[in-house]
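Quick note on labels: first sequence line is chain A, next is B, and so on, each numbered from 1.
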Protein chains: 2
Amino acid sequence: MKTILELQRQLLPDLLDVMRKRYEVLRHLQLMQPIGRRSLASALGMTERVLRSEVEFLKERGLVRIDTVGMQLTHPGGDLVSKMEPLIKDLFGLTDLEADLCRVLNLEKAVVVPGDSDRSDLVKKEMGRAGARLLKQIVHPGQVVAVAGGTTVAAVAEMMTSSAVLKESTFVPARGGLGEAVELEANYIASLMAQKAGGKYRLMHVPEQLSKEAYQMLLREPHIQEVLDLVHSARIVVHGIGDAIAMASRRKASPALLRELKEKGAVGEAFGYYFNQEGEIIHRGRSIGLSLEDLKHVDATIAIAGGAGKAKAVAAVCPVSGRDTLITDEAAARAILDNDGC
Amino acid sequence: MKTILELQRQLLPDLLDVMRKRYEVLRHLQLMQPIGRRSLASALGMTERVLRSEVEFLKERGLVRIDTVGMQLTHPGGDLVSKMEPLIKDLFGLTDLEADLCRVLNLEKAVVVPGDSDRSDLVKKEMGRAGARLLKQIVHPGQVVAVAGGTTVAAVAEMMTSSAVLKESTFVPARGGLGEAVELEANYIASLMAQKAGGKYRLMHVPEQLSKEAYQMLLREPHIQEVLDLVHSARIVVHGIGDAIAMASRRKASPALLRELKEKGAVGEAFGYYFNQEGEIIHRGRSIGLSLEDLKHVDATIAIAGGAGKAKAVAAVCPVSGRDTLITDEAAARAILDNDGC
DNA sequence: ACCTCCAGGGACATATTATGTCCCACGTAG
DNA sequence: CTACGTGGGACATAATATGTCCCTGGAGGT
């Protein structure tokens with residue numbers, strides 16, 4: 001029985017949305033009946049006309065009755081609502097999680113894919129697909145997309161498919177070298193994503209851990225400058241979120257830095273910034289590129305991270321911007337909401 | 001599980017239509033890939049543009065991949081198709097049809113694939129796939145499989161895939177030459193099926209229409225004798241079912257024989273035997289090999305035939321054995337059951 | 001090296017449907 | 001009686017789906 005829902009989710013996601021919409025109408029109706037079109041519409045957050053179409057449909061099916069006092073459920077309509085409740089819960093439990101995440105983390109949008117990416121690579125792939133799809137939806141032609149490094153963003157690149165609008169886009173790494181392995185480096189991911197998307201890309205080869213003087217020199221290099229301008233003009237940012245300590249180790253941070261991070265309670269990391277539990281920046285990896293300042297001017301940031309273990313990191317990093325979109329998995333979502341005490 | 005769909009259908013009356021449409025696209029894609037939009041559209045009987053929208057949707061969901069050679073299923077897409085198959089059968093009542101056929105024709109098992117093989121070649125392919133799968137399920141290592149000729153059995157051979165148990169099997173033609181075209185001859189099909197399955201095969205090259213004396217001589221030939229022994233020891237028989245008159249014509253039967261068949265009311269044919277509506281044998285094509293006697297000792301016979309036009313032939317031939325399995329298509333199945341008055 | 005066929009994708013007019021926005025007549029409750 | 005909220009009608013407009021072309025490009029045969 002679960003399988004049939006799973007199959008439908010893959011094959012008929014659009015119809016399931018419609019189903020949910022109609023179910024919501026019925027459910028609200030059950031609670032508010034008898035009620036008029038306009039009040040119900042505002043309660044559901046739909047426009048009057050849309051609700052009206054739905055109600056006409058439901059009336060046609062004999063699930064609601066309409067008379068002068070307003071709309072009410074018929075008996076079969078009431079039956080249907082109660083019988084469908086578990087079904088809807090199964091189908092849209094994740095959607096509810098998404099709504100909760102939006103509220104708790106102050107996100108514009110959240111996408112939750114089923115599973116736990118700590119336990120199955122497929123889940124990461126699925127997040128990647130969700131990220132790729134989202135990116136395609138929100139990007140406008142000609143916009144610059146800045147991408148950070150990490151395995152999860154790599155998954156997005158991996159699952160990216162070409163599309164017309166993306167052909168006009170330019171992909172750039174969000175920041176210079178941070179000490180990652182090549183295949184997780186922002187440069188590599190930007191180029192991979194651009195290739196898969198059929199778009200353009202510009203890279204920024206900057207060694208990590210340079211002296212201040214060397215940085216200053218590099219910054220004056222014309223081609224570096226050029227890319228940096230692109231980066232700062234990015235309207236969309238795609239980045240992962242890492243566990244602070246794990247990320248620092250992976251990037252071979254000095255023991256001193258590690259100790260400092262621990263002392264200051266670092267839990268999350270994103271594009272080179274380290275955050276504590278309250279979402280305050282406690283360290284900034286030395287590199288060039290996108291800064292938190294720049295984030296204020298982008299149209300959208302897409303953060304991607306999954307796995308129950310990342311819950312704290314995600315919760316710490318996310319509230320940073322009010323226009324964030326978060327793509328995560330079920331395990332992380334539940335863990336975040338549990339920690340939050342909701 | 002049915003209840004879920006019942007509930008859903010109350011809110012989404014066209015759920016099944018859409019589901020079926022998308023499933024059909026995927027299924028055809030699986031059988032025809034890689035293929036272009038236009039060809040696929042005509043195979044499906046949709047217009048190009050409609051198919052295009054569907055494919056774009058499926059591509060978006062990651063079920064279909066599109067490149068320069070055409071469209072193909074992705075791995076998840078293929079998974080989805082196979083997982084959906086039983087579901088679709090249930091939804092469209094094919095499972096019920098199967099049960100009815102078993103009862104009416106006294107079959108051990110019936111498999112009904114959707115569609116009408118008179119109208120689409122794909123349906124024959126689908127029957128072929130079903131036949132190949134069934135064969136793999138029921139065969140035991142070392143058993144001899146006798147196959148008859150005809151386009152439908154050829155489809156089974158075409159769709160056969162290798163498997164461990166089949167590597168131990170030997171394929172032989174059920175009967176000697178009956179006057180078929182080479183690519184429909186049992187010999188050719190037996191060898192093809194063996195090759196696809198990775199198994200062994202022995203052939204039996206016997207000209208049709210020999211004098212009695214010549215037959216007797218041939219029968220004493222050691223290598224013929226050897227193959228004949230194998231044939232008689234076959235535990236599994238795969239054969240098609242043909243319309244009697246059509247088959248006789250195709251085999252260039254004499255006008256006299258044709259007239260005789262018509263007079264005696266021949267409707268069905270299988271491995272050289274002609275049957276009337278009551279299932280009685282009214283003529284036996286002269287050749288050597290498997291006889292009806294032998295059928296009593298086999299473990300299983302698999303009859304394969306589809307198309308509404310074959311309904312009468314199938315109904316006439318099938319009741320012959322109580323251990324028959326019939327693989328047919330929806331059109332034939334419905335026609336058979338209609339004729340039977342159920 | 002060429003040519004041909006079939007591939008996907010772009011473009012666009014048109015048909016169909018969904019949506020936003022009014023307004024109206026009518027019950028009902030106060 | 002009045003004021004409010006009810007459903008339903010009407011209609012312009014937006015969004016979407018569809019039918020029909022055409023174009024470019026790659027794969028495979030020659």
(request) Please list all pairs passing the salt bridge (Lys or Arg N to Asp or Glu O under 4.0 Å) test where one or both residues lie in residues 7-30 of chain A, with sequence neighbours left out. (result) A:E6-A:R9, A:D14-B:R22, A:R20-A:D96, A:K21-A:E54, A:R22-A:E54, A:E24-A:R27

(request) Not counting sequence neighbours, which residues clear side-chain contact (heavy atoms from CB on, under 4.5 Å) with A:E85? List them please. (result) A:Y23

(request) Can you see which heavy atom on B:G131 is nearest to which on B:I304, and at what distance? (result) CA-CD1, 4.4 Å

(request) Using modelled atom types only, decide if a donor and an acceptor are shared between the side chain of A:D329 and the backbone of A:V113 within a distance under 3.5 Å. (result) no

(request) Take the C1' atoms of the five end pairs on each side of the helix from C:dA1-D:dT30 to C:dG30-D:dC1, derive the two axes, and give their angle rounded to 10 degrees. (result) 30°

(message) Using a 4.0 Å heavy-atom cut-off to protein, can you give one letter per nucleotide of nucleotides 1-10 of chain C, 5' to 3': B if the base is in contact, S if only the sugar-phosphate is, - if neither?
(response) ------BBBB

(request) Considering non-hydrogen atoms only, spot the tightest contact between B:A41 and B:L51 and give its length. (result) N-CD2, 3.5 Å

(message) Any salt bridge linking A:E226 with A:R202? Criterion: basic side-chain nitrogen under 4.0 Å from a carboxylate oxygen.
(response) yes

(request) Go through DNA chain D in 5' to 3' direction and return only the first and the last nucleotide with some atom under 4.0 Å of chain B's heavy atoms. (result) D:dT18 to D:dA27

(message) Under a 3.5 Å cutoff, is there a donor and acceptor pairing between the side chains of A:K136 and A:T161?
(response) yes

(message) Checking the side chain of A:T152 only, and the main-chain atoms of A:G240 only, is there a donor and an acceptor separated by less than 3.5 Å?
(response) no

(request) Figure out the CE/P separation between A:M46 and C:dT19, and round it to whole Å. (result) 9 Å

(request) Might you point out which heavy atoms bring B:R250 and B:G150 nearest each other, and give the distance in Å? (result) NH2-CA, 4.0 Å

(message) Once side-chain contact (heavy atoms from CB on, under 4.5 Å) is applied, do any residues pair with A:A132, and if so which ones, sequence neighbours excluded?
(response) A:V156, A:M160

